[in-house]
Visitor: 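A single structure is presented below for examination.
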Amino acid sequence: MATNRVLRVCGGLALTVLCGFTLGGESGCSELGRLAWIAGHWAETVGDVHMEEIWTEARGGVMLGVHRDVRAGGAAFFEYLRIEDRGGQTVYIASPMGRESTEFALALVEDRRAIFENLDHDFPQRIIYRRDGDRLSARAEGIVNGDLRGEDWEWRLERCVVDPN
């Protein structure tokens with residue numbers, strides 16, 4: 001029951017953003033505004049690994065994110081993320097484990113799917129996000145020694161980032 005309410009609220013917020021009226025957020029006309037469907041608190045547990053990714057709504061030309069994978073034994077991976085508009089170009093910036101960041105330019109955005117690329121990077125060269133209902137998936141992929149290699153994540157929507165009240 002609560003999940004249905006969250007989905008209705010998030011769906012309403014997404015429509016609001018796509019229509020260009022965002023309670024102080026970005027216009028649905030910008031590329032960043034077209035990525036509003038990424039915003040939320042996404043989580044999933046697979047085996048002994050709890051994975052989550054949290055994205056803020058677009059404000060001031062930027063969306064902020066954090067990714068965390070935690071194993072039952074306590075070992076963790078984390079990554080600071082952001083997507084920002086830069087003079088007409090939208091860029092995805094990842095800083096794994098707080099180290100030096102890598103930038104990926106938005107190559108494609110369509111209905112609930114986005115591809116960011118940096119073909120000069122060793123791995124990954126491409127970051128792909130896709131949303132299907134209350135599920136968000138991400139894929140990091142690239143060519144390593146002539147072969148396509150990839151890592152995949154999938155989360156379910158835990159809650160909207162934006163509180164409508």
Side-chain angles (χ1 to χ4, degrees), residues 2-45 49-70 76-118 124 126-140 151-165:
T3 301
N4 287 338
R5 182 177 180 274
V6 167
L7 289 175
R8 282 194 312 272
V9 168
C10 287
L13 288 171
L15 284 174
T16 299
V17 170
L18 290 174
C19 291
F21 177 75
T22 64
L23 303 173
E26 299 300 312
S27 166
C29 297
S30 74
E31 291 299 320
L32 192 59
R34 293 183 62 201
L35 297 171
W37 49 268
I38 294 174
H41 182 168
W42 306 90
E44 190 66 70
T45 300
V49 180
H50 181 73
M51 307 169 290
E52 62 187 330
E53 192 152 306
I54 302 166
W55 282 98
T56 66
E57 68 177 313
R59 285 191 190 271
V62 67
M63 293 177 74
L64 300 176
V66 64
H67 174 96
R68 173 173 61 178
D69 293 340
V70 180
F77 169 82
F78 70 91
E79 190 166 26
Y80 299 121
L81 306 164
R82 75 182 186 268
I83 302 171
E84 64 183 43
D85 277 335
R86 268 197 212 149
Q89 183 179 29
T90 301
V91 181
Y92 179 99
I93 304 156
S95 180
M97 303 296 284
R99 294 189 295 254
E100 186 175 331
S101 62
T102 303
E103 298 185 1
F104 299 82
L106 182 63
L108 174 73
V109 62
E110 55 189 17
D111 186 40
R112 295 183 180 236
R113 182 170 167 250
I115 301 174
F116 301 89
E117 290 183 333
N118 179 342
R126 191 171 295 109
I127 309 289
I128 304 163
Y129 278 88
R130 182 183 315 256
R131 179 160 178 190
D132 184 13
D134 70 342
R135 307 295 291 180
L136 181 71
S137 63
R139 177 172 175 79
E151 296 177 38
D152 296 285
W153 295 266
E154 185 173 319
W155 312 277
R156 62 184 162 69
L157 182 64
E158 288 283 306
R159 61 187 169 271
C160 285
V161 171
V162 180
D163 182 0
N165 295 323

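Residues take their numbers from the sequence shown, with the count starting at 1.
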Visitor: Would you give the length of the straight line joining atom CZ of Arg113 to atom CD1 of Ile115, rounded to the nearest 0.5 angstrom?
Guide: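 Result: 3.5 Å between the selected atoms.
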
Visitor: Grab the two heavy atoms, one from Val66 and one from Tyr80, that are nearest each other, plus how far apart they are.
Guide: CG2-CD2, 4.3 Å

Visitor: side-chain contact (heavy atoms from CB on, under 4.5 Å) between His67 and Asp69: does it pass, once the steps are laid out?
Guide: CA-CA 7 Å; His67 174 96; Asp69 293 340; 2.9 Å; yes

Visitor: Looking at Asn118, Leu35, Leu106, Leu81, which hits side-chain contact (heavy atoms from CB on, under 4.5 Å) with Tyr92?
Guide: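 When side-chain contact (heavy atoms from CB on, under 4.5 Å) is applied between Tyr92 and each of Asn118, Leu35, Leu106, Leu81, only Leu81 qualifies.
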
Visitor: Looking at side-chain heavy atoms only, is the closest gap between Glu103 and Gln89 below 4.5 Å?
Guide: no

Visitor: Find the distance between CD (Glu31) and CD (Glu84) and round it off to the nearest 0.5 Å.
Guide: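 Result: 14.5 Å between the selected atoms.
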
Visitor: Tell me whether the count of non-hydrogen atoms from other residues, nucleotides or ligands lying under 6.0 Å of CZ in Arg135 goes above 12.
Guide: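 Counting neighbours around CZ of Arg135, more than 12 heavy atoms of other residues, nucleotides or ligands fall under 6.0 Å, so yes.
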
Visitor: Which pair of non-hydrogen atoms, one from Ala76 and one from Met97, has the smallest distance, and what is that distance?
Guide: O-CE, 4.0 Å

Visitor: Does Arg130 reach the side chain of Asp132, with side-chain heavy atoms less than 4.5 Å apart?
Guide: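 Arg130 vs Asp132: side chains apart.
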
Visitor: Rounded to the nearest 0.5 Å, what separates atom CD in Glu110 from atom CG in Leu108?
Guide: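 If I round to the nearest 0.5 Å, the distance is 4.5 Å.
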
Visitor: Using every non-hydrogen atom in the two residues, find where Glu44 and Glu154 come nearest and quote the distance to one decimal.
Guide: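 Taking Glu44 first and Glu154 second, the nearest heavy atoms are CB-O, 3.3 Å.
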
Visitor: Is the shortest heavy-atom distance from the side chain of Glu53 to the side chain of Trp155 under 4.5 Å?
Guide: yes

Visitor: Can you tell me if CG on Asp152 sees more than 12 non-hydrogen neighbours from other groups inside 6.0 Å?
Guide: yes

Visitor: Can a donor-acceptor pair be found, under 3.5 Å and without considering hydrogens, that links the side chain of Arg34 to the backbone of Val109?
Guide: yes

Visitor: Is it true that a side-chain atom of Thr56 and a backbone atom of Leu64 form a donor plus acceptor pair closer than 3.5 Å?
Guide: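 Here the side-chain-to-backbone pair exists.
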
Visitor: Tell me whether Arg131 contacts the main-chain N or O of Gly133 through its side chain, where contact means a donor paired with an acceptor under 3.5 Å.
Guide: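 Yes, the answer is positive, given that a donor and an acceptor are paired below the 3.5 Å cut-off.
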
Visitor: Measure across Leu32 and Gly61 and return the closest heavy-atom pair with its distance rounded to 0.1 Å.
Guide: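 Closest approach of Leu32 to Gly61, heavy atoms only: CD2-C, 3.3 Å.
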
Visitor: Once rounded to the nearest 0.5 Å, what's the spacing between atom CD1 of Ile38 and atom CG of Leu136?
Guide: 6.5 Å

Visitor: Minimum heavy-atom separation for Trp37 to Tyr129, with atom names?
Guide: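 The pair with the smallest heavy-atom distance is CH2-O, 3.7 Å.
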
Visitor: Could you state the interatomic distance from CD (Glu79) to CD1 (Ile93), rounded to the nearest 0.5 Å?
Guide: 12.0 Å

Visitor: Can you measure from CZ (Arg68) to CE (Met51) and round to the nearest 0.5 angstrom?
Guide: 13.0 Å

Visitor: Closest approach of Pro124 and Phe104, non-hydrogen atoms and distance?
Guide: O-CE2, 3.3 Å

